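Input: a single structure, listed below in structure tokens.
Values in this document were obtained by computation on a predicted structure and should not be read as measured data.
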Amino acid sequence: MAKEHFDPGSNSPMNKTVIIGGGIAGLATAFYLQESGSVDFTLIECSPRWGGKITSAEQDGFLVEGGPDSFITQKAAALDLCTRLGLGDQLVGSNSGKHATTYVWSDGRLHPMPEGMMLMAPTMILPFLRSQLISWPGKLRMGMEMFVPKASGDQDESLAGFVRRRLGSELLNKIAGPLMGGIHAADPEKLSLKSTFPMFPEMEKKHGSLVRAMMKRPKRHATPGSKPFPMFMSLRGGLQRLSDAIVARLPQAALRAGCCVLSVSPHGSRYKVALSDGTSILADNIVFATPSYVTADLVQQIDPMLASRLRAIRYVSTATVSLGFRRSDIHHPMQGAGFIVPKSEGRKITACSWSSEKFKHRAPDDCVLLRVFIGGALAEDLAEQDEPALVELARMELRTIMGITATPVLARAYRWPKANPQYDLGHALRIKEIEQFLTGFPGLYLAGAAYRGSGIPDCIQSGMKAVSAIADRAHANTPYRDEHSPVCIGS
């Protein structure tokens, strides 16, 4: 067994931060710590690569995203970070117009989503009335939404419960469930609406009706000379350019990939971080940018109750399969961004993104690229198959839904076991309890997808807030366990 020794850093107070986890949250934390210029840090990642679920691959003219393929621009953190990193000229927006249409597989064919749908609420009445996706009884039920009384109290409600109560079961099954639940790979019956889409309960509370709220929304007017950002953006060459650019900016001496943290324990007024190579680091601050169940194992020695609360956050498995085809072999027009599949249809995939239609330069000119989504809370077992089985499953489903019988010229599958946190009913209360436990341990911070938002901007924002809290603690020179330090677990 290797002899233990400590990191030889300075012993001055508040000088050392350890970041555990090299996904986008951990990388953002390291970047903004370096920008602050006042804290020595070490970033540790158990796997040999940085970026977590952000992984891009170029092959034979195709650009394949294994995890997320874009980020939302309504939350500015990702856009701002790209600009800071000098990636502004590499930003690309998702295609608009007919290329932005989303379809729904229902009753044996693909139906275009009614124009003007904002997740589950219509902003335009006529396109919804003309749509063949929802039956006339379903449309009439939706039309009664303005007369449904608003909920009393401020209790948490599931996505399914809210939509069924206000808009009816058909809209839940065909649109809200697969679309909004699919964003989180979640079961709509368990997904906390307050923790994922809080704007809808707020609309109900303020206006008494979603339809009424939509009618009262102020129209957006573009500022003269300005060009609004598309809702979704990516990077030319793939999102991995983002994590690669951060790593390139960080001091190599501060980066330790392929090294696992075994435990974290109190050590006097600091924390001892034991590593798999037999060394240990003494740290004043620790940012856990790992899945909550991994963090739970690491803080078990510090507080078993805190560990228990962290383990209560469920995770589910998903997979993506990217398939490239010659355009001449595809007879479907593919005029849109892709399609979603309601659970009630009995298919084995949850959605398909037409990647080469959604973004430019994702496939050679004579080819198309499709990305199939498998698994999630309602079908985890399907996502846990091996790569050949996932590819075959995706091909069979596309044969039925899109009539594609050709052999793909490219096929790549990515499995993400227990990688998607679930914001179940009561999530906000669970996070509040975790925050309360953390106040007893100054210098411990949480960042990442499990707490207050799972998108890329949310993860970046959680890292920024961790850095802000560390700076506040350093400025106050808070003694260990004397005063409560700021707690950071997201926006």
Side-chain angles (χ1 to χ4, degrees), residues 20-29 45-47 51-55 66-68 71-72 75 77-78 156 158-160 177 180-198 287-299 306-320 350-351 373-380 383-384 414-435 437-438 445-463 465-466 487-491:
I20 306 173
I24 188 60
L27 290 172
T29 304
E45 167 56 44
C46 196
S47 75
K53 289 178 68 178
I54 296 179
T55 178
F71 55 82
I72 193 165
K75 299 179 180 180
D156 201 0
S158 71
L159 168 65
M180 298 167 69
I183 291 172
H184 293 272
D187 179 352
E189 301 290 348
K190 296 180 180 179
L191 186 67
S192 165
L193 193 69
K194 186 182 293 186
S195 294
T196 52
F197 302 98
V287 180
F288 296 93
T290 43
S292 63
Y293 57 86
V294 174
T295 304
D297 290 342
L298 296 178
V299 302
L306 171 60
S308 173
R309 295 299 189 278
L310 289 165
R311 289 193 186 95
I313 300 173
R314 285 193 311 128
Y315 280 72
V316 299
S317 302
T318 59
T320 65
T350 59
F373 297 83
I374 300 169
L378 298 174
E380 275 197 272
E384 293 167 350
Y414 292 82
R415 296 188 301 164
W416 301 107
K418 301 300 181 186
N420 291 75
Q422 299 295 284
Y423 285 30
D424 289 340
L425 277 169
H427 182 77
L429 178 60
R430 189 172 298 115
I431 299 310
K432 185 176 180 179
E433 290 176 345
I434 290 171
E435 288 179 329
F437 276 106
L438 277 176
Y445 308 93
L446 304 179
Y451 308 107
R452 297 190 181 275
S454 58
I456 289 176
D458 300 305
C459 292
I460 293 170
Q461 183 72 19
S462 72
K465 284 190 169 288
V487 174
C488 162
I489 52 175
S491 55

Checklist entry - Does Thr290 have any side-chain hydrogen bond (donor to acceptor under 3.5 Å, both in side chains) partners at least two apart in sequence or in another chain, and if so, which? => result Thr295
Checklist outcome for this item: Residues Leu159 and Leu193: closest non-hydrogen pair is CD1-CD1, 3.7 Å
Item to check | Considering all heavy atoms, the nearest Leu310-Ser292 contact | outcome: O-OG, 3.1 Å
Checklist entry - Just how far is it from atom CD1 of Ile374 to atom CD of Glu380, taken to the nearest 0.5 Å? => result 13.5 Å
Checklist entry - Who passes salt bridge (Lys or Arg N to Asp or Glu O under 4.0 Å) against Lys75, sequence neighbours left out? => result Asp458
Checklist outcome for this item: Residues at least two apart in sequence or cross-chain that pass salt bridge (Lys or Arg N to Asp or Glu O under 4.0 Å) with Glu384, listed by chain then number, are none
Next on the checklist: I'd like to know whether NZ of Lys190 has more than 12 heavy-atom contacts from other residues, nucleotides or ligands below 6.0 angstrom.
Outcome noted: no
Checklist entry - Taking only residues at least two apart or on different chains, which pairs with a member in residues 421-430 satisfy side chain to side chain donor-acceptor pair (under 3.5 Å)? => result Arg314-Asp424
Checklist entry - Pro68: what forms a side chain to side chain contact (heavy atoms under 4.5 Å, CB included) with it, not counting sequence neighbours? => result Lys53, Ile54, Leu239, Ile456
Checklist entry - Is the distance between the ring centroids of Tyr445 and Phe288 under 6.0 Å? => result no
Checklist entry - What pairs with Ser308 under side-chain hydrogen bond (donor to acceptor under 3.5 Å, both in side chains), at least two apart in sequence or on another chain? => result none
Checklist entry - Who pairs with Tyr414 by ring pair (Phe, Tyr, Trp, His ring centres under 6.0 Å), at least two apart in sequence or on another chain? => result none
Item to check | Partner residues of Asp187 under the side-chain hydrogen bond (donor to acceptor under 3.5 Å, both in side chains) criterion, sequence neighbours left out | outcome: none
Next on the checklist: Just to verify, what does Phe437 make a ring pair (Phe, Tyr, Trp, His ring centres under 6.0 Å) with, not counting sequence neighbours?
Outcome noted: none
Checklist entry - If only atom types and distance count, is the side chain of Trp416 paired as donor or acceptor with the main-chain N or O of Gly66 below 3.5 Å? => result yes
Next on the checklist: Going by the rule side chain to side chain contact (heavy atoms under 4.5 Å, CB included), which residues pair with Thr350 if we only count those two or more places apart in sequence or in a different chain?
Outcome noted: Phe373
Next on the checklist: Which heavy atom of Pro417 sits nearest to which heavy atom of Ser317, and what is that distance?
Outcome noted: CA-OG, 3.4 Å
Checklist entry - Taking only residues two or more places apart in sequence, or in another chain, which ones meet Ala160 in a side chain to side chain contact (heavy atoms under 4.5 Å, CB included)? => result Ser158, Arg164, Leu172, Pro188, Glu189
Checklist entry - Do His184 and Asn420 come within less than 4.5 Å of each other through their side chains, counting heavy atoms only? => result no
Next on the checklist: Please enumerate all residues that pass salt bridge (Lys or Arg N to Asp or Glu O under 4.0 Å) together with Lys194, with sequence neighbours excluded.
Outcome noted: Asp154
Checklist entry - Is there a salt bridge (Lys or Arg N to Asp or Glu O under 4.0 Å) between Glu435 and Arg452 once you walk through the steps? => result CA-CA 12 Å; Glu435 288 179 329; Arg452 297 190 181 275; 2.8 Å; yes
